[in-house]
Student: 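What follows is a single structure, and I will ask about it in a moment.
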Amino acid sequence: MTEWLERLGRSGRFAWSAWSGLAALALLAALWQVGHEAYGDFILPSPLATIEAALAMLADPAAWEIALLTSRRALKGFLAASIAGAALGLAAGYFPAVLRVARPLVTVLLGVPPIAWIVLAMIWFGSTDGTVAVTILVAASPLVFVSVAEGVMSRDRKLDDMARAFGAKAFKRLTTLSLRHVAAHLFPALVVSLGSAFKVAVMAELLANVGGIGGELARTRANLDIAGALAWVLIAVAALIVVEYGLIHPVRAEFERWRVAAQPWGVKR
Amino acid sequence: MSALQLTRIGHAYFGRTVLDHIDFQVDSAEVVALVGPSGCGKSTLVHIAAGIVEPLRGRVERGYRRHGMIFQEPRLLPWATARHNISYPLRIAGVPRSERKERAMQAALTVAFDPDDLDKYPSELSGGMRQRIAIARALVIEPDFLFCDEPFTALDVALKRRMQDIVIETSRQARFAAVFVTHDLMEAARVAHRIVVLDSTGNGIAGERRLLNAPGHRSDEMIFKTVQSFLRDDPIFRHIDDVDERRLP
Ligand SMILES: Nc1ncnc2c1ncn2[C@@H]1O[C@H](COP(=O)(O)OP(=O)(O)O)[C@@H](O)[C@H]1O
Ligand SMILES: [Mg+2]
């Protein structure tokens with residue numbers, strides 16, 4: 001019972017923090033409006049007109065299909081990147097030899113711009129879903145890999161010894177200590193890689209011409225439909241926000257209750 | 001059979017020998033204080049005895065069923081509440097959740113930890129309360145052997161006495177045996193039946209002294225006199241307060 005009340009309280013604080021976020025968005029909209037008034041409808045349609053265009057678009061079920069298609073691709077790539085990055089990161093954290101081999105590879109992977117991967121993937125896979133998936137995987141997994149590896153390496157060995165003293169075998173120590181510690185490093189990386197998954201998905205769709213929001217952006221550009229393009233950008237950002245705040249933040253809040261407890265009075269945000 | 005028997009134990013870190021030729025034995029329901037200057041290898045020996053470290057040489061025989069352990073620092077899981085920290089060994093042992101809750105409560109009462117604080121996180125509790133959680137965590141599995149590695153060094157004098165009393169009291173009630181590492185002779189003389197002195201270079205046992213009366217039945221005056229005479233007249237305690245900075249961990 002009290003547990004649920006506490007949860008309610010956490011959501012309340014969360015909703016409160018949403019207000020400040022809304023204020024920041026309003027500021028952005030104001031700047032946008034200034035730009036619109038300076039340059040006119042053709043270069044930069046007003047924020048209100050864009051929102052109206054987006055809403056009008058979403059009245060059509062076909063637009064939902066398109067947004068869902070992109071979201072599905074982004075989420076699939078994000079999942080693949082998280083699993084691959086986390087698995088390799090765990091191995092690298094526990095076995096320094098793996099890390100020594102993987103570090104330079106990660107540097108190379110991070111050094112190649114995503115756009116180059118899209119081109120390569122298009123050559124290898126043609127204009128298919130595979131192109132989008134591979135690009136996201138390559139673009140998003142290195143960050144997850146590095147944070148998981150660092151999480152494992154920075155684990156508290158004294159806690160490991162404590163668990164061993166109470167008879168915990170390696171697997172039990174992994175699940176009750178290391179993974180729990182790694183989670184703290186993992187979540188910020190997940191948020192960033194989810195964002196890049198959406199961005200890369202749209203970019204890959206546009207270049208590989210496989211439909212989705214990216215495909216629509218290509219079409220609106222060809223028609224010089226600025227309001228349509230901006231409306232699609234708005235929809236892409238909205239989809240990202242829904243996933244981030246609906247999925248990642250609630251999970252993270254459950255994991256980080258103890259951090260909130262550790263904050264001194266008055267610092268709670 | 002004795003509760004714990006270490007035979008010709010030797011250990012080295014990265015080729016540097018820190019322990020050698022250690023023979024050490026604890027009877028059932030006996031509390032043995034293990035003393036020696038800082039860096040002489042006490043922690044290493046206890047870690048070997050508790051199975052955290054594999055010794056390079058020698059044999060460890062355990063005649064008890066299960067042990068608990070208290071470390072110098074509380075070593076609590078920062079992300080878990082006091083209740084979950086106390087019941088962590090039960091979780092390792094696969095005890096069902098409802099039973100864990102019940103037994104954590106019992107252990108908290110044993111060490112006089114306020115049950116109202118069981119849902120707080122370690123960062124919300126004072127140093128003394130954290131160490132109580134650590135003691136409760138060691139007791140929750142109902143051990144018949146307890147390893148204590150300088151558990152109260154960081155506490156102030158009054159709190160230290162209270163904690164020692166808890167250990168003395170519970171060891172008498174539950175009749176468990178214990179190894180109590182300390183470099184504080186007063187503490188050793190309060191809690192132990194017998195004091196074993198480790199050689200200051202970790203090469204064997206320098207000697208041992210049995211104490212009069214059972215722990216908890218000694219007056220402060222008597223403890224003070226005993227320690228004074230140890231320090232003044234007894235050659236095996238000569239190096240007890242040496243600190244070799246080079247060897248500090
Ligand atoms: N994990 C370790 N790696 C290398 N050297 C260690 C390690 N643990 C302890 N030592 C060294 O072993 C010696 C004994 O340490 P320790 O057993 O902690 O002594 P004590 O507990 O008596 O102070 C010290 O010189 C210390 O520096
Ligand atoms: Mg020590």
Side-chain angles (χ1 to χ4, degrees), chain A residues 1-10 96 147-148 151-152 154-188 250-269, chain B residues 43-44 46-54 62 65-95 116-125 133-134 137-143 145-149 151 179 249:
Chain A
M1 182 63 204
T2 49
E3 201 159 299
W4 282 105
L5 273 182
E6 246 173 52
R7 258 191 205 131
L8 205 67
R10 278 204 298 283
S147 1
V148 169
V152 175
S154 68
R155 73 193 188 275
D156 189 347
R157 315 262 165 154
K158 291 187 161 179
L159 288 184
D160 257 12
D161 280 351
M162 182 276 292
R164 210 186 295 242
F166 286 105
K169 299 281 183 297
F171 182 72
K172 209 59 181 188
R173 294 200 302 274
L174 173 75
T175 53
T176 59
L177 299 177
S178 302
L179 290 185
R180 194 63 177 68
H181 174 78
V182 163
H185 289 253
L186 183 59
F187 279 111
V251 178
R252 164 148 112 187
E254 275 306 303
F255 267 88
E256 307 244 304
R257 278 156 67 181
W258 64 279
R259 274 193 207 283
V260 177
Q263 281 164 359
W265 291 104
V267 181
K268 299 198 167 147
R269 282 164 297 172
Chain B
S43 294
T44 306
V46 170
H47 281 54
I48 287 172
I52 300 172
V53 173
E54 232 0 83
R62 303 186 178 93
R65 279 172 302 132
R66 54 177 172 267
H67 65 239
M69 187 156 182
I70 311 173
F71 299 86
Q72 180 160 354
E73 329 79 40
R75 299 202 185 186
L76 304 178
L77 314 181
W79 54 76
T81 57
R83 184 195 311 282
H84 287 126
N85 265 296
I86 293 174
S87 59
Y88 182 63
L90 300 176
R91 182 168 166 208
I92 292 173
V95 173
D116 287 344
D117 289 334
L118 275 173
D119 287 316
K120 288 190 176 157
Y121 292 94
S123 58
E124 298 174 280
L125 300 168
I133 299 177
R137 178 179 63 193
L139 298 178
V140 77
I141 48 171
E142 293 166 5
F145 203 101
L146 191 63
F147 292 102
C148 307
D149 185 6
V179 174

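The sequence lines fix the lettering, A, B, ..., with proteins before strands; numbering per chain opens at 1. Keep in mind it's a predicted model, so treat the numbers as computed, not measured.
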Student: What closest approach, in Å, do A:Asp161 and B:Arg75 show between heavy atoms, and which atom pair accounts for it?
Tutor: CB-NH1, 3.7 Å

Student: Applying salt bridge (charged side-chain N to carboxylate O under 4.0 Å, His left out), can you list everything that pairs with B:Arg65, at least two apart in sequence or on another chain?
Tutor: B:Asp144

Student: Would you call the rings of B:Trp79 and A:His181 parallel, tilted or perpendicular if under 30° counts as parallel and over 60° as perpendicular?
Tutor: tilted

Student: For B:Asp117, which residues count as a side-chain hydrogen bond (donor to acceptor under 3.5 Å, both in side chains) partner, sequence neighbours excluded?
Tutor: B:Lys120

Student: Report which part of A:Ala184 has an atom under 4.5 Å of a heavy atom belonging to chain B: side chain, backbone, both, or neither.
Tutor: neither

Student: If you check every heavy atom in residues 84-95 of chain B against those of chain A, which residues fall under 4.5 Å?
Tutor: B:Tyr88, B:Pro89, B:Arg91, B:Ile92

Student: At under 4.5 Å between heavy atoms, what parts of residues 168-177 of chain A are in contact with chain B? List them by residue number.
Tutor: A:Ala168, A:Lys172, A:Thr176, A:Leu177

Student: Answer yes or no: is there a side-chain heavy-atom contact under 4.5 Å between A:Trp258 and B:Pro78?
Tutor: yes

Student: Among B:Arg66, B:His67, B:Arg137, which residue satisfies the side chain to side chain contact (heavy atoms under 4.5 Å, CB included) criterion with A:Phe166?
Tutor: B:Arg137

Student: Under a 4.5 Å heavy-atom cut-off, does chain A meet the side chain of B:Leu76, its backbone, both or neither?
Tutor: backbone

Student: Evaluate the side-chain contact (heavy atoms from CB on, under 4.5 Å) criterion for residues B:Leu77 and A:Met162: first the C-alpha distance (whole Å), next the side-chain angles of each, then the deciding distance (0.1 Å), finally the verdict.
Tutor: CA-CA 10 Å; B:Leu77 314 181; A:Met162 182 276 292; 4.0 Å; yes

